[in-house]
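One structure is given below, encoded as structure tokens.
Numbers restart at 1 for each chain; the letters A, B, ... are given by sequence-line order, proteins then strands.
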Amino acid sequence: MIKITFPDGTQREYNDGITGLEIAEQISPRLAKEVYAATVNGELRDLTRPIDNDATLKLHKWEDEEAKHAFWHSSAHLMAEALEAVFPGMKFGIGPAIENGFYYDVDPGEGKVITEADLLIVENKMKELASKNLTYTRRNVSKKEALEVFEAKGDEYKTELISELLDGTISLYSQGNFTDLCRGPHLPSTEPMKAIKLLSIAGAYWRGDEKRRMLTRIYGITFPKQKLLDEYLVFLEEAKKRDHRKIGRELELFTFSQNVGMGLPLWMPKGSDIRQNLINFLTGVLRKRGYKIVTTPHIGNVNLYKTSGHFEKYGADSFQPISTPQEGEQFMLKPMNCPHHCEIYNATPHSYKELPLRMAEFGTVYRYEQHGELHGLTRVRSFTQDDAHHFCRHDQLRAEFKSIIELILYVFKVMNFDNFSAQVSLRDPNNKQKYIGTDENWEKAERDIIEAAAEMNLKTTVVEGEAAFYGPKLDFMVKDAIGRKWQLGTIQVDYNLPERFELTYNGSDNQKHRPVMIHRTIFGSMERFVAVLIENTSGKFPLWLAPEKAVILPISEKFNDYAAKVLEILNNSDICTLIDERSEKIGKKIRDNELKRIPYLLIIGEKEVENETIAVRKQGEGDQGSMKIEEFVDFINSEIKKEIAF
RNA sequence: GCCAGAGUAGCUCAGGGGUAGAGCACUUCCUUGGUAAGGAAGGGGUCGGGGGUUCAAUUCCCCCCUCCGGCUCCA
């Protein structure tokens with residue numbers, strides 16, 4: 001007999017070799033139908049794998065990520081079987097579960113392509129196979145045997161993967177007519193896969209290496225109930241409506257023109273107002289926190305970037321330098337603000353007493369992004385960073401770093417961004433030549449970041465190989481409407497630029513010392529930030545950011561004179577207000593202006609003219625009753641104050 | 001840059017080898033109204049660009065551009 005301990009602490013005895021599924025069945029047949037995987041002694045496993053010793057056991061239902069993972073991983077195998085049935089000779093790369101569903105990278109063979117039209121055929125085949133309730137079986141094999149299986153099949157991708165595995169750790173999973181190299185775990189059978197949908201098709205380099213063959217990646221998702229799939233598809237539809245590119249066009253916030261060039265955003269008046277509201281807000285915050293605002297040119301001498309190291313690292317992948325016509329001096333479009341800021345630092349001598357020095361700029365930079373990368377406002381070739389550089393003494397670094405974390409959290413709170421994640425990005429320990437600087441400085445900088453984040457109780461994930469070439473960083477990521485993660489704020493420790501630019505300060509010992517630099521942004525770029533803001537709010541901006549605060553809707557043209565008077569008062573009170581004088585009925589005017597997401601609709605008719613009031617209607621919430629004009633001005637101002645006071 | 005798909009009016013989209021379509025938006029007129037779509041008329045297109053096939057191409061073929069979904073990249 002073995003003793004099984006459940007998550008609530010209760011213990012029960014079972015026969016040796018009992019499976020998680022059998023335990024679930026003994027608890028209740030219904031539970032057995034709802035569990036998809038088990039964690040045994042902390043290890044995620046198949047439900048059908050025997051348990052031989054005393055163990056802790058957690059059974060995973062759909063709500064658990066572990067269950068979804070097994071469900072979708074098994075679905076990827078099912079898709080592979082269907083692909084093999086529909087396209088004989090198909091070769092298989094990798095096919096993992098992902099956050100929402102699964103994919104499989106496949107090679108249909110030389111000259112053959114899989115198109116979107118094929119997805120339905122494969123999907124139907126999957127449904128047919130799933131309805132057969134195929135069971136998943138696990139088999140441990142030797143490396144030799146594993147290689148033989150896939151060599152026989154002619155699947156060079158699998159043999160490449162196996163050749164890198166350790167003998168004794170290799171398992172194969174089979175269902176129906178399909179066998180795959182896989183660590184598992186998997187569902188007991190295809191029986192729970194009630195709803196299946198293949199979503200899209202894309203190219204993906206084998207092993208993420210652009211020098212290797214491009215495979216065809218097929219994305220899909222499955223659910224235990226049709227209703228869940230329907231809900232997911234509705235979610236995707238709703239997300240599309242929040243796409244900042246769509247809302248940006250509808251609300252006339254920004255545009256792109258082929259005549260200007262791809263990836264070069266044109267801010268229209270309303271978008272520009274939002275952008276300016278953000279800049280004004282942040283400038284106020286920065287001044288309170290001791291930042292000095294600077295302004296630098298959009299170009300800089302090539303030598304500046306040779307000094308910084310950016311030219312060596314990115315020169316070939318940048319907009320190429322422009323030259324002066326007579327001297328042939330070369331200038332680059334500014335890809336970064338930091339070298340300019342270093343030069344400002346160097347323009348005057350510095351005492352240890354004046355550090356930390358915090359230098360901020362809303363600096364527009366230009367980077368050549370590959371054309372397939374461009375994406376609305378989130379990935380562009382010209383963008384304005386809310387950039388700042390902190391020059392500090394080593395003994396100030398930790399406190400300075402922490403104060404920036406605090407600042408970012410504050411700004412995100414004002415913005416109502418509560419679903420961000422924080423990522424510590426370290427250098428790739430196996431690929432150190434990608435980075436500049438000494439091991440000692442890197443180790444110090446990485447330790448500084450990890451410890452500062454810990455001291456701020458910031459929950460982070462740590463990713464190796466994601467650091468900037470000159471230093472490690474702490475990134476703040478926010479998701480867009482359909483769950484893609486974008487980096488907004490970033491804090492980067494840099495010991496290298498101070499060396500390269502020979503930055504110094506006079507210490508209390510009257511000797512020259514090297515300061516350390518922190519690069520940081522909060523919004524990241526105005527472009528990306530506005531994009532994420534649009535998707536978070538569906539274009540219903542908070543009052544303080546809204547480019548237009550109110551619109552006056554006269555019930556008929558008879559009231560236009562009074563409306564004009566109200567308009568003048570509000571605009572003179574700095575409340576940007578419009579007027580809708582069309583000869584439309586009030587219902588139509590309300591609808592049209594609600595769709596424009598204007599925060600307040602002010603309705604004016606006979607009653608309002610008589611009483612010198614306005615009937616206030618709040619966007620999305622309806623009639624708020626009437627107010628005197630001055631009352632409304634005070635009301636708006638106090639609402640705005642509330643929104644940005646924390 | 002790579003793989004796949006798309007591009008028709010300002011927007012959303014239908015169509016299809018032989019005179020270019022709808023809804024919304026826009027202009028004018030009628031209507032002057034009380035909290036999410038009043039009515040009528042009208043203007044607007046080199047069907048992304050360039051080649052080719054054809055008596056005839058927006059439609060079929062080729063090349064390019066841009067956009068969309070991914071991959072790679074992201075100072």
Side-chain angles (χ1 to χ4, degrees), chain A residues 103 105 113-119 199-219 240 243 245-246 249-250 252 255-259 261-263 305 308-315 317-318 334-339 365 367-376 378-381 385 387 435-436 466-471 473 482 484 486-487 490 492 494 497 519 528 553-560 582-595 601-608 615-626:
Chain A
Y103 68 78
D105 284 350
V113 289
I114 304 172
T115 65
E116 285 184 20
D118 297 321
L119 291 186
L199 297 166
S200 64
I201 196 161
Y205 298 110
W206 170 232
R207 314 208 78 176
D209 185 344
E210 64 181 325
K211 291 182 191 69
R212 304 197 64 177
R213 187 173 172 80
M214 181 157 272
L215 305 182
T216 303
R217 176 168 296 180
I218 302 172
Y219 287 91
K240 263 191 210 161
D243 190 316
R245 293 166 297 191
K246 180 178 159 65
R249 190 164 49 230
E250 285 168 359
E252 298 176 357
T255 188
F256 291 90
S257 160
Q258 290 184 33
N259 297 324
M262 59 168 136
Y305 306 104
S308 70
H310 290 104
F311 187 80
E312 190 194 347
K313 181 78 182 172
Y314 294 106
D317 297 319
S318 297
K334 176 167 74 173
M336 287 288 289
N337 302 303
C338 35
V365 296
R367 297 180 185 173
Y368 172 78
E369 303 284 3
Q370 299 187 101
H371 99 262
E373 282 307 332
L374 300 173
H375 183 97
T378 53
R379 197 77 188 268
V380 287
R381 288 177 170 174
Q385 293 180 311
D387 206 0
Y435 308 91
I436 59 173
E466 292 287 310
F469 76 97
Y470 51 77
K473 52 183 185 161
I482 64 167
R484 286 177 292 219
W486 298 97
Q487 176 202 305
T490 181
Q492 313 179 352
D494 184 0
L497 280 191
H519 307 242
R528 181 174 287 180
L553 311 182
I555 282 181
S556 90
E557 286 166 11
K558 283 188 285 192
F559 311 113
N560 281 357
R582 294 175 303 163
S583 68
E584 293 289 353
K585 289 170 115 172
I586 195 66
K588 169 76 164 166
K589 291 191 191 183
I590 288 170
R591 178 182 155 76
D592 287 350
N593 288 287
E594 286 272 351
L595 289 175
L601 311 189
L602 309 177
I603 293 157
I604 281 172
E606 201 170 349
K607 269 186 291 178
E608 286 72 26
V616 177
R617 189 190 155 98
K618 190 171 180 185
Q619 127 96 253
E621 291 180 25
D623 196 354
Q624 308 284 302
S626 48

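Residues passing the side-chain contact (heavy atoms from CB on, under 4.5 Å) test with A:Glu584 are A:Arg582, A:Lys588, A:Lys589, sequence neighbours excluded. Partners of A:Lys618 by side chain to side chain donor-acceptor pair (under 3.5 Å), not counting sequence neighbours: none found. For the side-chain contact (heavy atoms from CB on, under 4.5 Å) test, residues two or more places apart in sequence or in another chain that qualify with A:Ile590 are A:Leu553, A:Ile586, A:Glu594, A:Leu601, A:Ile603, A:Arg617. Residues passing the side chain to side chain donor-acceptor pair (under 3.5 Å) test with A:Glu466, sequence neighbours excluded: none. A:Phe469 is linked by a side-chain contact (heavy atoms from CB on, under 4.5 Å) to A:His310, A:Lys313, A:Tyr314, A:Ile436, counting only residues two or more places apart in sequence or in another chain. Scored by the ring pair (Phe, Tyr, Trp, His ring centres under 6.0 Å) test, A:Tyr435 finds A:Trp442 as partners (sequence neighbours excluded). Taking the ring pair (Phe, Tyr, Trp, His ring centres under 6.0 Å) definition, one finds that A:Tyr305 meets it with nothing, sequence neighbours left out.
The separation of B:rA40 from B:rC47, taken at their C1' atoms, amounts to 30 Å, rounded to a whole angstrom.
Where pairing requires Watson-Crick or G-U contacts shorter than 3.5 Å, the helical stems of RNA chain B with at least three consecutive pairs are B:1-3 with B:69-71, B:5-7 with B:65-67, B:10-13 with B:21-24, B:26-30 with B:38-42, B:48-52 with B:60-64.
Within the nucleic acid shown, A:Ala202 comes within 4.0 Å of at least one base atom, counting heavy atoms only. Residue A:His375 is classed as a sugar-phosphate contact, given heavy-atom separations below 4.0 Å to backbone atoms only. Counting any heavy atom pair closer than 4.0 Å across all strands shown, A:Arg245 reaches sugar-phosphate atoms only and no base atom. Nucleic acid contact for A:Phe256: none, since no nucleic acid atom lies under 4.0 Å from a heavy atom of the residue.
Checked against B:rA4, B:rU35, B:rG33, the side chain of A:Asp623 finds its nearest nucleotide in B:rU35.
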Polar atoms only, N or O, under 3.5 Å: list the protein pairs with nucleotides 39-48 of chain B and their distances.
none

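The CG atom of A:Leu497 sits 10 Å away from the C1' atom of B:rA75 (whole-angstrom rounding).
Residue-nucleotide stacking is present for A:Tyr314 and B:rA75, judged by a side-chain ring centre under 5.5 Å from the six-membered base ring centre and planes under 30° apart.
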Inset, instruction - Give the B/S/- string for nucleotides 25-31 of chain B, one per nucleotide from 5' to 3', where a protein heavy atom under 4.0 Å of the base yields B, of only the sugar-phosphate yields S, and otherwise -. - result: S----BB
Legend entry - Per-nucleotide protein contact string for nucleotides 5-13 of chain B, where B marks a base within reach and S marks sugar-phosphate only (heavy atoms under 4.0 Å, - for neither): S-----SS-
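Here the closest non-hydrogen pair linking A:Arg381 and A:Glu369 is NH2-O, 2.7 Å.
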Could you give the side-chain donor-acceptor pairs of residues 201-208 of chain A under 3.5 Å, partners two or more places apart or in another chain?
{"residue": "A:Trp206", "atom": "NE1", "partner": "A:Glu160", "partner atom": "OE1", "Å": "3.1"}
{"residue": "A:Arg207", "atom": "NH1", "partner": "A:Glu160", "partner atom": "OE2", "Å": "3.1"}
{"residue": "A:Arg207", "atom": "NH1", "partner": "A:Glu164", "partner atom": "OE1", "Å": "3.0"}
{"residue": "A:Arg207", "atom": "NH1", "partner": "A:Glu164", "partner atom": "OE2", "Å": "2.8"}
{"residue": "A:Arg207", "atom": "NH2", "partner": "A:Glu164", "partner atom": "OE1", "Å": "3.2"}

